[in-house]
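Have a look at the structure below before the remarks.
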Amino acid sequence: MVSYEDVLKMPKNIEETTLATLNFFNDNYRDISPEILENRKKIKKYIEKFHSEAGTLTSKVMDKVDLLDKEKNYPVLMAAHQPNFIPYGGVVRKATLLHILDKELKELTSNPNIEFFGIADQDISQSWRWQRESQLPSIRKKNGYLSLFYDFPKEYDKKLFCSVPKPSKDDVNGWKEDIENWINEEINRIEKINNNKISYEQKRQLYENFDRFTDLLDSAYNHSANFADFNAFLLSEIVNKKWGYDTLFTRFSECQQIFEHEFAFLLYNYKDFYNILNKTKLEIEGKTAEKVAPFWYHCDCNGKVSLFVYDENEKQISVGGKCPECMEYVEFEFDRDELKNGFGMRDIISRISARARAMPLIIFNGLGVSCYVGGLGGSKKYSAESKIIANNLKRKFPVYIAWLPHDYYAGLGQLDAFLTLKSACNGSRINLKNSLDKIQSEIATLDSELEKKKDKLRKQIKKGNREEIIREIKKIDSEYKKKESSLKAYLASLKKVPTALGLRPSIADYIINIGLEETNKQWIKYLEENGKLTEDLYLDSVFGKNEELFELVREDGLLVRGDKDGR
């Protein structure tokens, strides 16, 4: 059976990716088509608008924007992602990968490339956990991490994410306070474990990095008008201003309206689109596809309407659906002759957004994309299905790559987890399972000893000493319960070690523990010296490289390997 990996045929390293991208460009886009050139000219204003509002319209960004209306073609290297709340490292590293790919291609061709990053800000607000939650590792917290969460009003749950208001200043200050308290608590815990001392210089660097992070938050807050922009502007601030990249950002909620021809093509060919998708899903997953249009409709109330294709004939295509927010039913009819000529959608083009499988077909062909940096979860699945549809509809589908290794480093939360486990091993080989078994055995032994002592005392009860013996039993019971409570708390912390060490944390964790520029430098160094896109990384932090920790995560099978949702 064919898998999604087989379909995408992802390159495994930078060298393969560079050559594959160059070959794809030469085979498909050496000469720019009038349609692609027109789309690039149109998208230019939305890119400039984003960067101007974000405060990231640097000279490098402007130089790259100027390439968009040149008649000479340049390879477009693309990434896209939802504007996650203080995003995890995997989102940010996409820009680093684009940057290195741009550099490698320039060395071969001496020509510039266009690095484009689409912000998918029109998803339903409650559809993606990471749009409102960010995590920092901590075995002192209930689930093994500190959760930073934006509890925006329930009324926005079913609305477009770009309609969610930005947090209040009190919310932002609250997150800063939570992170600072987390830093203080982790430092105190680390220093209490076997008297591990953190140097003055290390503390100074941690708090200096924290201050730099809060400056980023403040800048994003001051420039943004909604929550999606708050997150997207934070990403652009890091990539464009702090790292100095010329990556071009834009909001999908604004720019997708330029692709009327591409939307019209998919709707005109909807029967083939659906049949190919349905056949693919049946073969790979054993499931059928919903008969929905390749785009969503954005209701007046900011709800997102799933449109079902309910009538198709030689003259027209009819779609309709009910808004999940206001419950209003909407329907539209499209003339097939107009769709065939690339038109017929002008009345609603500013109110629609591509569905997951349609987005690659629309933007890749609309802008002439030669390489796309995707993911390994739902993104991989949808992209593979898109590629199969593209091949059957004779549309172009670029080189697809993903770089989502696990970054291991001795940060505050990770170091606390590791040292707690190491202390539990008491000089023997560090092993999580053995440590858990040992403490569980100690708790069981404690319970047994308590019952034996209580039974012995009960047998000593005589006529005149009953109250004295009962007081003694209560005293012993209290002492043992304290010991048991302490052991159970210790056990609970140890059980959270896999989560803390295996977490894919917020970029805030990198900034505080490694440093903003230093994180990027180490990612770049790895890509330039190693280049493999499938191997984990072992990074240097304020605390240096902890080889014992690295050995543990390589060997201990109980450690978590990424998130369950495959992000």
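Predicted model only: the values in this text are computed from it and were never measured.
Residues Glu38 and His261 have side chains not in contact (no heavy-atom distance under 4.5 Å, counting atoms from C-beta outward). The side-chain heavy atoms of Leu235 and Pro83, taken from C-beta on, include no pair separated by under 4.5 Å. Within the 4.5 Å cutoff, side-chain heavy atoms of Asn84 are placed close to those of Gln131. Residues Tyr145 and Glu133 meet the side-chain proximity criterion, which asks for heavy atoms closer than 4.5 Å. Arg504 is not listed as a side-chain neighbour of Gln135, based on a closest heavy-atom distance of 4.5 Å or more. Between Pro294 and Leu267, the closest side-chain pair of non-hydrogen atoms falls below 4.5 Å. Residues Pro505 and Tyr510 form a side-chain contact, since some pair of their non-hydrogen atoms from C-beta on lies under 4.5 Å apart. Looking at Tyr382 and Arg355, their side chains never come closer than 4.5 Å, going by heavy atoms from C-beta outward.
In this structure, Glu107 places its CD atom where more than 12 heavy-atom neighbours from other residues, nucleotides or ligands lie under 6.0 Å away. Atom NZ of Lys381 sits in a crowded spot, with more than 12 heavy atoms from other residues, nucleotides or ligands closer than 6.0 Å. Around CD of Glu15, the count of heavy atoms belonging to other residues, nucleotides or ligands within 6.0 Å does not exceed 12. Heavy-atom neighbours of Lys281 NZ from other residues, nucleotides or ligands within 6.0 Å: above the threshold of 12. Applying the 6.0 Å contact sphere to NZ of Lys106 captures more than 12 heavy atoms from other residues, nucleotides or ligands.
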Step by step, work out the side chain to side chain contact (heavy atoms under 4.5 Å, CB included) result for Phe397 and Leu8.
CA-CA 10 Å; Phe397 196 95; Leu8 290 173; 4.2 Å; yes
For Thr58 and Asn240: C-alpha separation, side-chain torsions, deciding distance, then whether side chain to side chain donor-acceptor pair (under 3.5 Å) applies.
CA-CA 7 Å; Thr58 65; Asn240 297 121; 5.5 Å; no
Stepwise side chain to side chain contact (heavy atoms under 4.5 Å, CB included) check, Thr56 with Val61
CA-CA 8 Å; Thr56 57; Val61 168; 5.9 Å; no
Before giving the answer on side chain to side chain contact (heavy atoms under 4.5 Å, CB included), spell out for Asp31 and Asn73 the whole-Å C-alpha distance, their side-chain angles and the decisive distance to 0.1 Å.
CA-CA 6 Å; Asp31 296 317; Asn73 201 7; over 6 Å; no
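Taking the six-membered ring where tryptophan is involved, the planes of Tyr408 and Tyr538 are essentially parallel, since the angle between them stays under 30° and well short of 60°. Under the 30°/60° scheme for interplanar angles, the aromatic rings of Tyr400 and Tyr372 are found to be tilted.
Of the inter-residue distances, the one linking Trp403 atom CH2 with Leu101 atom CG reads 12.0 Å to the nearest 0.5 angstrom. Here CG of Asn530 is found 3.5 Å from OH of Tyr526. Values are rounded to the nearest 0.5 Å. Note that CZ of Phe259 and CZ of Phe295 are 15.5 Å apart. Values are rounded to the nearest 0.5 Å. Distance check: Phe117 CZ to Ile47 CD1 gives 13.0 Å after rounding to the nearest 0.5 Å.
Considering only residues two or more places apart in sequence or on other chains, Arg395 meets the salt bridge (Lys or Arg N to Asp or Glu O under 4.0 Å) condition with none of them. Scored by the salt bridge (Lys or Arg N to Asp or Glu O under 4.0 Å) test, Arg93 finds Asp407 as partners (sequence neighbours excluded).
Checked by atom type and distance alone, the side chain of Asp102 never pairs as donor or acceptor with a backbone atom of Leu98 at under 3.5 Å. One N or O on the side chain of Lys64 and one on the backbone of Asn113 form a donor-acceptor pair closer than 3.5 Å. The closest donor-acceptor contact from the side chain of Ser236 to the backbone of Ala232 lies at 3.5 Å or more, if one exists at all.
Side chains of Glu35 and Asn365: a donor-acceptor N/O pair is absent below 3.5 angstrom, by distance only. A donor-acceptor pair shorter than 3.5 Å can be found between the side chains of Tyr245 and Asn520.
Residue Cys162 comes nearest to Ser253 through the heavy atom pair SG-CB, 4.1 Å, listed as atom of the first residue, atom of the second, then distance. Considering every non-hydrogen atom in both Leu367 and Ile43, the closest pair reads CD1-CD1, 4.0 Å. Closest non-hydrogen pair, Lys94 versus Gly90, comes out as CG-O, 3.6 Å. When all heavy atoms are compared, the tightest approach of Ser541 to Ala410 is OG-O, 2.8 Å.
Cation-pi geometry between Lys291 and Tyr274 is met: under 6.0 angstrom from the ring centre, within 45 degrees of the axis. Cation-pi check for Arg40 over Tyr74 is not met; the charged atom does not lie both under 6.0 angstrom from the ring centroid and within 45 degrees of its normal.
Salt bridge Glu260/Lys42: absent, no basic N to carboxylate O contact under 4.0 Å. Classification of Arg251 and Asp229 as a salt-bridged pair holds, one side-chain N sitting under 4.0 Å from a carboxylate O. The pair Arg132-Asp157 meets the salt-bridge criterion, since a charged nitrogen lies less than 4.0 angstrom from a carboxylate oxygen. A salt bridge links Glu254 to Lys49: at least one charged side-chain nitrogen sits closer than 4.0 Å to a carboxylate oxygen.
Taking the six-membered ring for Trp, Phe85 and Phe149 have ring centres at least 6.0 Å apart.
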